[in-house]
2 protein chains.
Amino acid sequence: MVLSKACTYGILASLYVAREASRSRGYVSIGRMSEELNISFHFLTKILQQLTSAGIITSMKGPKGGVALRRDPKEISLVDVIVAIDGMGLFTDCLLGLPGCGEEKPCPVHDDWADIRASLFQAFRDKSLADTALRIDELNLRFALPTGAKAARDNAVIGRGRPE
Amino acid sequence: MVLSKACTYGILASLYVAREASRSRGYVSIGRMSEELNISFHFLTKILQQLTSAGIITSMKGPKGGVALRRDPKEISLVDVIVAIDGMGLFTDCLLGLPGCGEEKPCPVHDDWADIRASLFQAFRDKSLADTALRIDELNLRFALPTGAKAARDNAVIGRGRPE
DNA sequence: ATTAATTAAGATAAAAGAGTCTTAAATCAA
DNA sequence: TTGATTTAAGACTCTTTTATCTTAATTAAT
Ligand code: SF4
Ligand code: SF4
């Protein structure tokens, strides 16, 4: 898997928060988010804690508490989120696991992999949470992870007006 | 990690076999290979068993036994090895883990990721074991995974004439 | 045939990743 | 202040991956 599960959850959650932030001010409840995204509450909490200590989100305890983006969603890239959870490995590691590799003594697949991982980095760096979340709304995309019957009911399409 | 450890070992081993095949005929001993590549013998054996059942290598028991490539190394691509061990997932899976994604309702990072994974596939498909192993010799590259003192001694540079 | 060498196969163990549960700490509202 | 709500933190469990160990099966050489 290219991104760890925790990392994809983190991205999804970040996008969710960015989306919520653009419509209603205040903190987004992790409980609610975990339900809508269909991600285990406690697991999601842990992931968000990583994002908190990475300075990407802030959190607040108590009623009306939750999490919120710390900076303008336009200024937060997907790379920021990925690095906060999975680290830079994806963009720096050697594909074949040979230590100490580099330009001097590159392994046989170096050139291709170096290009590809640079493209990956560039793509994620150029994609802000704001842009990405916006496109979700524009394209009326689904968002949450469907699992089971409940999921099929709940997550049909997110991005249209929801009750409440 | 993009490729599983087993998969990188499989690639390394395949290249090793391709390299040996080009100089001395016959089967390559897994025991010797595991020492030179610094990969656990039993683990490597299992990985090679996967390559065997995938039809990439043949094996032979007993003295003078070992493994050998089943086809011409020019006709075996890195994709073949990767798919045999890790499956097609890397080249088909959704980056964000959203099920049922595709061209119709693509997630926000679809276009970039689709391009990138296609490049990945192409790069690995166009790289044969023969080409890759050859380049290892040409560039006088190191090959094995160094670990610990013994490794530093043994694996200094492979690709030059070895004794015996 | 016997023996040694070597891969096959399966059981087991250790490590890492993913997920759950419990308790504590902070915050708001009454 | 009290109680309800919500995140923080850590212990714990489950699963997958990685690695090891043991036993069997096959082959070559004597
Ligand atoms: S592609 Fe570059 S970083 Fe990756 S193994 Fe080869 S030399 Fe190392
Ligand atoms: S990039 Fe394509 S395959 Fe990956 S999550 Fe988005 S829609 Fe799915």
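Computed from heavy atoms alone, side chains included, the values below leave out hydrogens, waters and symmetry copies. A, B, ... follow the sequence lines: proteins, then strands. Residue 1 opens every chain. Being a predicted model, the structure only gives us computed values, none of them experimental.
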Separation of atom [atom1] in [X] from atom [atom2] in [N], rounded to whole Å:
X	N	atom1	atom2	result
Leu51(A)	dT7(D)	CG	C1'	14 Å
Ile85(A)	dG19(C)	CD1	P	13 Å
Gln49(B)	dA24(D)	CD	C1'	13 Å
Glu35(A)	dT6(D)	CD	C1'	14 Å
Lys5(B)	dA14(C)	NZ	P	17 Å
Leu44(A)	dT20(C)	CG	P	12 Å
Ile47(B)	dA9(C)	CD1	C1'	15 Å
Arg32(B)	dT6(C)	CZ	P	11 Å

Which listed nucleotide ([options]) is nearest to the side chain of [X]?
X	options	value
Lys64(B)	dA8(C), dG19(C), dA28(D)	dA28(D)
Pro63(B)	dT27(C), dA11(D), dA28(D)	dA28(D)
Met60(A)	dC28(C), dT7(D), dG19(C)	dC28(C)
Phe43(A)	dG19(C), dT20(D), dC28(C)	dG19(C)
Lys61(B)	dA8(D), dA19(D), dA25(D)	dA25(D)

Please determine whether a side-chain nitrogen or oxygen atom of [X] lies at a distance below 4.0 Å from atom OP1 or OP2 of [N].
X	N	result
Tyr9(A)	dG19(C)	yes
Ser29(B)	dT6(C)	no
Thr45(B)	dT7(C)	no
Lys46(B)	dT18(D)	no

Seminar exercise, completed: On DNA chain C, more 5' by nearest nucleotide between Phe41(A) and Thr52(B) is Thr52(B)
Exercise. Nearest nucleotide by nearest heavy atom, which residue falls closer to the 5' end of DNA chain C, Gly62(A) or His42(A)?
Worked result: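 By nearest-heavy-atom nucleotide position, the 5'-most residue is His42(A).
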For this session: Treating Ile, Leu, Val, Met, Phe, Trp and Tyr as nodes and any side-chain heavy-atom pair under 4.5 angstrom as an edge, say whether Leu134(B) and Val79(B) lie in one connected cluster.
Result: no
Mind checking whether [X] and [Y] have side chains closer than 4.5 Å, heavy atoms only?
X	Y	value
Thr132(A)	Ile11(A)	no
Val2(A)	Trp113(B)	yes
Thr45(A)	Met33(A)	no

Exercise. Thinking salt bridges, do Asp137(A) and Arg23(A) make one under a 4.0 Å N-O criterion?
Worked result: yes
